[in-house]
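Below is one structure; the comments refer to it alone.
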Amino acid sequence: MQPSNTLLQRLANARLVLVFTGAGVSAESGIATFRSPDGLWAKFSPQELANVDAFLRNPQLVWEWYQARRQAITEAEPNAGHVAIAKLQELIPKVVVITQNIDGLHHRAGSGDVIELHGSALRNFCIRCRRRYDDPKFLTLQEVQQCQCGGFIRPDVVWFGEMLPTEAVERSWRLAAEANVLFSVGTSSQVWPAAELPFVALEHGAYVVEINTETTPLTAQAHEHLPFPSGNVLPEVVRMLRRVKGEE
Ligand code: APR
């Protein structure tokens, strides 16, 4: 697969590039996506696991489910797609990753500016007093823990029905309006408000490229749809951009 000349020129002249990612960018690291036929929501019910009422109804069940996901996350390694996204920073003045993922793999791959719209599975807080519990030991304890105030300790992830972190939203929407290029990578573009970001970028003149093995509600409006695994496409984009910038 060959990135288009238009994309390469846009990237070579870009001041700000956004990389908006979803579960698909971590699929090649062995982490399950949500809506594919064998995805997490095919096996588990988000209503029973990924919301506050479910947690309050059965904190131990929800805590154990997240411990199993954290186990998968800590055993996973960033893949070539994560690494290529991190390498874009060497070629473009400003690259910001805006991710829906909670796995922390963009940080581990070396991306320096990552906005976690849906929080992080590597952090915890008390559901009652909101005291933070980020000690790594909480990533492996199998029993749900209680805070000194008596509240249960929960993962620092955005559950269905919850608001996204205000600062993350404000910065993301502002950046989307300023971006020269936005990559939408490995997201089904179905979960709002995050899914609005590429459309905000489009409205403000950004060149929007979707990297997804399938089509999504964004595909028809994106400038380009590259229907290949992100772990293949992104390293090729970096390689060709290096050549265009004479850095290869
Ligand atoms: N390369 C590129 N795209 C891929 C790859 C890959 N290797 N593997 C899968 N995909 C695509 C799938 O085609 C799909 O469109 O990644 C997308 C994953 O979509 P979802 O499973 O819906 O995940 P995501 O879009 O991140 O979900 C958004 O929904 O459940 C909530 O909070 C959760 O953050 C999540 C949000």
Side-chain angles (χ1 to χ4, degrees), residues 1 3 18-52 54-55 62 65-66 69-70 72-73 76-85 97-106 109 114-123 154-165 168-169 172 182-199 208-222 224-238:
M1 154 282 142
L18 296 186
V19 187
F20 174 58
T21 66
V25 80
S26 296
E28 292 162 80
S29 296
I31 295 179
T33 60
F34 293 97
R35 291 170 184 81
S36 55
D38 60 343
L40 278 175
W41 297 152
K43 298 193 186 87
F44 301 100
S45 151
Q47 286 72 22
E48 286 169 21
L49 290 163
N51 68 66
V52 177
F55 182 67
V62 175
W65 187 64
Y66 274 92
R69 288 183 65 193
R70 295 197 249 227
I73 285 168
E77 290 297 326
N79 63 61
H82 294 108
V83 173
I85 291 168
V97 177
I98 302 176
T99 189
Q100 300 168 91
N101 301 339
I102 60 173
D103 57 32
L105 290 181
H106 285 300
V114 181
I115 300 175
E116 294 175 315
L117 280 181
H118 291 170
S120 167
L122 306 179
R123 296 192 300 264
R154 56 162 282 185
D156 186 10
V157 299
V158 177
W159 277 334
F160 286 98
E162 291 187 316
M163 300 291 288
L164 273 58
V169 168
S172 298
L182 179 141
F183 286 102
S184 176
V185 186
T187 179
S188 59
S189 294
Q190 293 182 39
V191 176
W192 291 68
E196 186 190 17
L197 272 173
F199 295 97
V208 173
V209 177
E210 181 179 49
I211 295 174
N212 193 320
T213 42
E214 295 169 356
T215 57
T216 75
L218 174 65
T219 308
Q221 299 195 46
E224 295 189 33
H225 174 234
L226 306 177
F228 306 97
S230 46
N232 296 1
V233 178
L234 287 162
E236 191 58 18
V237 169
V238 169

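Whatever order the structure lists ligands and atoms in, that order sets their numbers, starting from 1. Because only heavy atoms are used, hydrogens play no part in the values below, and waters and symmetry mates are left out as well, while side chains stay in.
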Test His106 against Thr21 for side-chain hydrogen bond (donor to acceptor under 3.5 Å, both in side chains), laying out the working first. CA-CA 10 Å; His106 285 300; Thr21 66; 2.9 Å; yes
Under the criterion side-chain hydrogen bond (donor to acceptor under 3.5 Å, both in side chains), I'd like the reasoning laid out for Ser230 against His82: C-alpha separation, chi angles, the key distance, then a yes or no. CA-CA 9 Å; Ser230 46; His82 294 108; over 6 Å; no
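The shortest distance between side-chain heavy atoms of Phe199 and Gln221 falls below 4.5 Å. Taking 4.5 Å as the limit, every side-chain heavy atom of Ile115 sits out of range of all side-chain heavy atoms of Val97.
For Glu28, every heavy-atom contact with ligand 1 shorter than 4.0 Å involves the side chain, none the backbone. With a 4.0 Å heavy-atom cut-off, ligand 1 is reached by the backbone of Ser188 and by its side chain too. Residue-level proximity to ligand 1 for His118 is carried by the side chain, the only part with a heavy atom below 4.0 angstrom. At a heavy-atom cutoff of 4.0 Å, ligand 1 is contacted by both the backbone and the side chain of Asn212.
Among all non-hydrogen protein atoms, the one lying nearest atom 18 (C) of ligand 1 is Gly186 O, 3.6 Å. Atom 35 (C) of ligand 1 has as its closest protein heavy atom Phe34 CE1, 3.6 Å. Protein heavy atom at the shortest distance from atom 25 (O) of ligand 1 is Thr187 OG1, 2.8 Å. Looking from atom 30 (O) of ligand 1 to the surrounding protein, the closest heavy atom is Trp41 NE1, 2.9 Å. In this structure, atom 1 (N) of ligand 1 lies nearest to the protein heavy atom Ser230 N, 2.9 Å. Looking at atom 6 (C) of ligand 1, its nearest protein heavy atom turns out to be Gly24 O, 3.4 Å. The shortest contact between atom 36 (C) of ligand 1 and any protein heavy atom is with Val191 CG2, 3.8 Å.
Among residues two or more places apart in sequence or in another chain, the salt bridge (charged side-chain N to carboxylate O under 4.0 Å, His left out) test is passed with Glu48 by none.
Below 3.5 Å of separation, one finds an N or O of Ala23 facing an N or O of ligand 1. Residue contacts with ligand 1: Gly22 is placed with no nitrogen or oxygen under 3.5 Å of a nitrogen or oxygen of the ligand (distance criterion only). The distance criterion of under 3.5 Å between nitrogen or oxygen atoms is not met by Thr216 with respect to ligand 1. Checked against a 3.5 angstrom limit, the closest N/O atoms of Ser36 and ligand 1 fall outside it. Residue-to-ligand polar distances keep Asn101 apart from ligand 1: every N/O pair is separated by 3.5 Å or more. Checking only distances, Phe160 never comes within under 3.5 Å of ligand 1, N or O to N or O.
Put simply, the side chain of Asp156 never gets that close to the backbone of Ser120: no donor and acceptor are under 3.5 Å apart. A donor-acceptor pair is defined here as one N or O able to donate and one able to accept, closer than 3.5 Å; such a pair exists between the side chain of Asn51 and the backbone of Gln47. Between the side chain of Thr216 and the backbone N or O of Leu218 there is at least one donor-acceptor pair closer than 3.5 Å. The backbone N or O of Leu105 sits less than 3.5 Å from a side-chain atom of Asp103, completing a donor-acceptor pair.
Using a 4.0 Å cut-off between a side-chain N of Lys or Arg and a carboxylate O of Asp or Glu, Arg123 and Glu116 qualify as a salt bridge.
Here the shortest heavy-atom distance to atom 29 (O) of ligand 1, taken over Glu214, Glu210, Gln100, Arg35, belongs to Arg35.
Not a single heavy atom of Gln190 sits under 4.0 Å from any atom of ligand 1.
Near Ala27, with a cut-off below 4.0 Å to any heavy atom, the atoms of ligand 1 are 8 (N).
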Please table the atom pairs, donor to acceptor, closer than 3.5 Å between any side-chain atom in residues 187-198 and protein atoms at least two apart or in another chain.
from   : atom 1 : to     : atom 2 : distance (Å)
Thr187 : OG1    : Gln100 : NE2    : 2.8
Thr187 : OG1    : Ser189 : N      : 3.3
Glu196 : OE1    : Trp173 : NE1    : 2.9

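Figure legend: Arg154 and Trp159 shown as a cation-pi pair, the cationic atom lying under 6.0 angstrom from the six-membered ring centre and within 45 degrees of its axis.
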